[in-house]
Amino acid sequence: MKFFVDTANLDQIREAYEMGVLDGVTTNPSLMAKEGIKGEENCRKHYVAICELVDGDVSAEVIATDYQGMIREGEELAALHPNIVVKVPCIAEGIRAIKYFTDKGIRTNCTLVFSPGQALLAAKAGATYVSPFVGRLDDIASDGIELIEKIVDMYAYYGFKTQVLAASIRSTQHIIQCVEAGADVATCPLSAIKGLLNHPLTTSGLATFLADHRKVNS
Ligand code: E4P
């Protein structure tokens, strides 16, 4: 399973990349706003800065919600850097735009997906990635991981090439559940990725090894 980091924060992206396990980055307009990045030109410079930090796919989301606007914006974003994947919301105009981008060889990430039916349309339009939002479904007492399982099964059954990119991951446990569900990618906060390292037996075992080493070496 590939790991993407779900942030527009350059320090966090650098830290995740330096861990040696990062395969890409996802951003969205809220994450860009959180970093205080405003204006089209600054957003574009920021996407290029992210692409220069990471050897992998970087999702950049269109703001337009009409077909022509999405096409214009998506083509401009795709031209910024070869790593850019154009992120498009799962609405009717978005599905049409994804089909256009697919035909042009521009890679896409269909975002804000909350049902198998939406994932089916994204795959039929040729999306490179589909982003089901796990945490936001859990927030409304639905089951985000179950949606990942259903989409993985549907894509396998019909042989769709669209990769399942589990998004809205909130915890380390979510990452493990995505692995079990067979997601192709999980995009996660850096803290959730680092949480995979935590085990009390690793901590206590290392302390014992070092203490034993000190006993005979001091
Ligand atoms: C990334 O592609 C999504 O936009 C992101 O994971 C959403 O996460 P959130 O539900 O925590 O805002």
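Residue numbers start at 1 and run along the sequence shown. Just so you know, these numbers come straight off a predicted model, no measurement behind them. Note that ligands are numbered from 1 as they come in the structure, with each ligand's atoms numbered from 1 the same way.
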If you look at every heavy atom in Leu10 and Leu53, which pair is closest and at what distance?
O-CD1, 3.6 Å
Ranking Asp6, Val185, Leu165 by closest non-hydrogen atom to atom 5 (C) of ligand 1, top hit is Asp6
For atom 11 (O) of ligand 1, what is the nearest protein heavy atom, given as residue, atom name and distance?
Arg170 NE, 3.2 Å
Backbone of Tyr67 reached by a side-chain donor or acceptor of Glu93 within 3.5 Å
yes
Which residue and non-hydrogen atom of the protein lie closest to atom 8 (O) of ligand 1, and at what distance in Å?
Ser168 CA, 3.4 Å
Enumerate the atoms of ligand 1 whose separation from the nearest heavy atom of Arg136 is less than 4.0 angstrom.
7 (C), 9 (P), 10 (O), 12 (O)
Can you name the atoms of ligand 1, numbered from 1 with element, that are less than 4.0 Å from a heavy atom of Thr26?
1 (C), 2 (O)
Should the pair Arg14-Glu18 be classified as a salt bridge under the 4.0 Å nitrogen-to-oxygen rule?
no
Identify the protein heavy atom lying closest to atom 3 (C) of ligand 1, giving its residue, its atom name and the separation to 0.1 Å.
Phe133 CZ, 3.5 Å
Lys/Arg-Asp/Glu bridge criterion (N-O < 4.0 Å) met for Asp139, Arg136
no
Got an N/O contact under 3.5 Å between Thr27 and ligand 1?
no
So for ligand 1, is Thr187 a polar contact partner (N or O within less than 3.5 Å, distance only)?
no
With a 4.0 Å cut-off on heavy atoms, is Lys87 touching ligand 1?
yes
Please tell me whether Asp55 and Tyr17 have a donor and an acceptor in their side chains that are separated by less than 3.5 angstrom.
no
Please confirm whether Asn28 comes within less than 3.5 Å of ligand 1 when only nitrogen or oxygen atoms on both sides are compared.
yes
Please determine if Arg107 and Asp57 form a salt bridge, counting it only when a charged side-chain N lies under 4.0 Å from a carboxylate O.
yes
Polar contacts were defined as any N/O atom of the residue lying under 3.5 Å from an N/O atom of the ligand; does this apply to Thr111 and ligand 1?
no
Smallest separation among heavy atoms of Ala186 and Met1, with atom names
CB-CE, 3.8 Å
If you count the non-hydrogen atoms of other residues, nucleotides and ligands that lie under 6.0 Å from NZ in Lys124, is the total more than 12?
no
